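Heads up, the thing below is written out as structure tokens.
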Amino acid sequence: MFFLMHCSHRPNADADRDRLRPAHRDWNKSGGEGRVSVLTGSALWDADGVATGHWGILEAPSLAAARAYTDGDPFVTGGVVTQVSLTRMADSFTADRINPRMTT
């Protein structure tokens with residue numbers, strides 16, 4: 001199954017986000033220690049270039065696995081993320097268009 005993940009960040013989290021970014025990237029690369037495969041994702045900014053969150057496309061065996069991945073993200077455990085939404089994508093989603101994946 002594929003999920004669109006949207007994470008909102010708390011305002012003025014720049015210092016914490018910068019401190020946690022290496023661990024967050026490692027978490028993505030590992031798929032949350034194998035819980036999911038991260039196809040792609042990116043930071044989200046407002047019109048003034050201020051970071052407001054991040055998004056990603058996940059492949060996971062279940063919603064529970066996708067939630068376990070987000071729950072363990074250092075941005076979540078470190079208090080940067082204030083809200084996470086996971087939306088299941090269509091079964092016909094063609095993931096092979098995204099290459100290479102973020103998760104190795």
Side-chain angles (χ1 to χ4, degrees):
M1 288 180 237
F2 295 95
F3 296 91
L4 176 63
M5 173 189 69
H6 180 271
C7 299
S8 298
H9 293 187
R10 69 177 162 77
N12 304 311
D14 294 351
D16 288 335
R17 188 174 31 254
D18 290 346
R19 177 177 53 81
L20 294 167
R21 185 172 291 111
H24 168 75
R25 287 183 174 161
D26 287 345
W27 185 253
N28 290 337
K29 286 179 187 174
S30 76
E33 300 172 343
R35 290 171 176 85
V36 305
S37 179
V38 181
L39 279 67
T40 191
S42 184
L44 296 169
W45 293 354
D46 67 13
D48 296 321
V50 175
T52 60
H54 67 279
W55 66 274
I57 298 177
L58 313 176
E59 182 176 21
S62 65
L63 176 58
R67 179 64 62 194
Y69 164 79
T70 61
D71 288 349
D73 182 341
F75 280 178
V76 172
T77 61
V80 171
V81 171
T82 60
Q83 182 177 353
V84 176
S85 69
L86 290 165
T87 304
R88 185 169 172 184
M89 298 172 67
D91 291 339
S92 60
F93 176 70
T94 51
D96 60 338
R97 294 181 293 175
I98 300 172
N99 190 19
R101 291 180 179 216
M102 292 176 76
T103 299
T104 52

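Residues: numbered from 1 along the sequence shown. Remember, it's a predicted structure, so these values are computed and weren't measured experimentally.
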Mind checking side-chain contact (heavy atoms from CB on, under 4.5 Å) for [X] and listing every partner two or more places apart, or none if nothing turns up?
| X | value |
| --- | --- |
| S92 | A90 |
| N12 | none |
| T82 | S8, R10 |

Can you name the residues that form a side chain to side chain donor-acceptor pair (under 3.5 Å) with H9, not counting sequence neighbours? R17, H54
How would you list, by chain and number, every residue that makes a side chain to side chain donor-acceptor pair (under 3.5 Å) with D18, sequence neighbours excluded? R21
Heavy atoms of T103 and S30 approach each other most closely as CG2-C, 4.0 Å
Just wondering, do L86 and L63 contact through their side chains at under 4.5 Å, heavy atoms? yes
List the residues meeting salt bridge (charged side-chain N to carboxylate O under 4.0 Å, His left out) with R88, not counting sequence neighbours, and say none if there are none. D91
Considering only residues two or more places apart or on different chains, which pairs with a residue in residues 35-56 satisfy salt bridge (Lys or Arg N to Asp or Glu O under 4.0 Å)? E33-R35
Per-pair distances, 0.1 Å, donor-acceptor, side chain in residues 65-74, under 3.5 Å, sequence neighbours excluded:
unit_1: Y69; atom_1: OH; unit_2: N28; atom_2: OD1; d: 2.3
unit_1: T70; atom_1: OG1; unit_2: R67; atom_2: O; d: 2.9
unit_1: D73; atom_1: OD1; unit_2: H24; atom_2: ND1; d: 2.9
unit_1: D73; atom_1: OD1; unit_2: F75; atom_2: N; d: 2.8
unit_1: D73; atom_1: OD2; unit_2: H24; atom_2: ND1; d: 3.1

Rounded to the nearest 0.5 Å, what separation is found between the CG atom of D26 and the CG atom of L20? 12.0 Å
Show me the pairs that pass side chain to side chain donor-acceptor pair (under 3.5 Å) and involve residues 36-45, at least two apart or across chains. S37-R101
Can you list, by chain and residue number, the hydrophobic cluster partners of L4 when the side-chain cut-off is 4.5 Å? F2, L39, L44, W55, I57, M89, F93, I98
